[in-house]
Amino acid sequence: MYYEIMDTSPERIFAFLPKLSLADKALINHACEFAKKAHEGQLRKSGEPYYNHVFATGINLAKLKMDADTIAAGIMHDVLEDTQVTEQEMTEAFGEHITKLVQGVTKLGKLRYSGLERHVESLRKFFVAAADDIRVVVIKLCDRLHNIQTLEYVDKEKQKRIALETIELHARLADRLGMGRLKAELEDAAFPYVYPEEYKKTVELFNSMQPISDDQLDKVVAKLQDDLSVFDVQIERIDSRIKHLYSLWKKLQRYGMDIDKIYDVIALRIIVDSVSDCYQALGVIHGLYRPIPGRFKDYIAIPKANGYKSLHTTIFTGDGATLEIQIRTKKMHEEAEFGIASHLSYKEIGKNLSEQELKRKTGWTKELLEWQKDVSHHAEFLKNLQADFFQNRVFVFTPKGDVIDLPEGSTPIDFAYALHSQIGERTAGAKVNGKLVPLDTKLNNRDIIEIDVKETAMPKRKWLDFTKTTLAKRKIRQYIRENGGFLDKFLTR
Ligand code: MN
């Protein structure tokens, strides 16, 4: 199998952390040598040395600017689980602190997304780890990022499960921790494996549109730079950002797959010095360009639940295009990109890291744990988790206990098509929790669905009125189209 030769010299890690001390460099070097030796002879599915994976995890942590201890632990994160090295040997070489981080990652173990109960168990493990030391979770997420980016080498049957797990578990956690960039990277790497058709469609739609030309964009940037400096707004820089594919698809679903209704496919990001500069910049922009009514959002005054702060507005550029502009301080930007990691970073850790800030940021994990201790009732814990994590999704079961994940409002028809299009097409009736129900019944979390399949059954046009998933709708339409006008007479009944 072909893989790219990876440069695994520690210098690559140091390059992300210009302020590392000599002692920290020595520590990271030591961890690299230790892990390399421990994994000697082990290969990844791609055929490359196993060490490449743990080194890449270290790189991911360095990109988040984590402290040297965390990077060292990240490089050694699979040593206790997958090699002969013992905890005692690691403690002797690296001390208790780093060993504890590695143990934490090991304890999180190999998470599985198969069945809701076990899924909740995985989340619970994450909360325990997070409440203990949030850095363990950050290491695990960086580990997962490399695994998902090398998913092409994994067996076909496993790919989808791992990718779904990444979207439903790891990316949601990254989001909850405010780590916007990591979340997006996890989702975009997993997207083509979980929803291949939707992925293709999203890429097509993306390529088909041209919301604003490079020329128009350059003109706006130049004009803004001039005017903001005239008004004495201190600009750090102006970037443009392209919406990540997975989040674009999520949004497309909410807007009937109409890309023309999505204003932030490309957005301009203005990074300024201070909060007052944010509002001043906004004033200048609204003075220069007409804003689209109803598109202004002040996430500085009212931050998002995960702590995200920015001003958002969408303007008419005056030559036919519209453009979203996001205004934020450098600090807000770092927090939006790196989230919790920006508070654990090399430059902040040890240097009066604000306990309070950290508590506020990770408080929810502890709260959830505490709350779970009080309420021994499993169902209620589940409900709370779902409210928090699985908004807009329902998790239902086949009679055999396989979990199927559907959008809220889905019906037995959506379920049948999710199993297989041939089951969908032959659906004659459905039972939910053992009771016969109409086919337009909305499914609830943890329902067990049984589909009654008949050879003579076929899709009805009216199913389109109540199915929720694009998959089911598409298959029903396709069936009607392919079976032509003759059948149509029967289908409309
Ligand atoms: Mn690993």
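Counting convention: from 1, in listed order, for ligands and their atoms alike.
Here the angle centred on the Mn ion (ligand 1), running from NE2 of H53 over to NE2 of H77, is 90°, rounded to 10°. Between the OD1 atom of D143 and the OD2 atom of D78, the angle taken at the Mn ion (ligand 1) works out to 160° after rounding to 10°.
D188 places a side-chain N or O within donor-acceptor distance of the main-chain N or O of L245, the cut-off being under 3.5 Å.
Between the side chains of S46 and E48, at least one donor N or O sits under 3.5 Å from an acceptor N or O. Side-chain contact annotation: N60 with T57, donor-acceptor N/O pair under 3.5 Å absent.
Among the atoms of H146, no N, O or S atom falls under 2.8 Å of the Mn ion (ligand 1).
For the atom pair N29 CG and D24 CG, the distance stands at 11.5 Å (nearest 0.5 Å).
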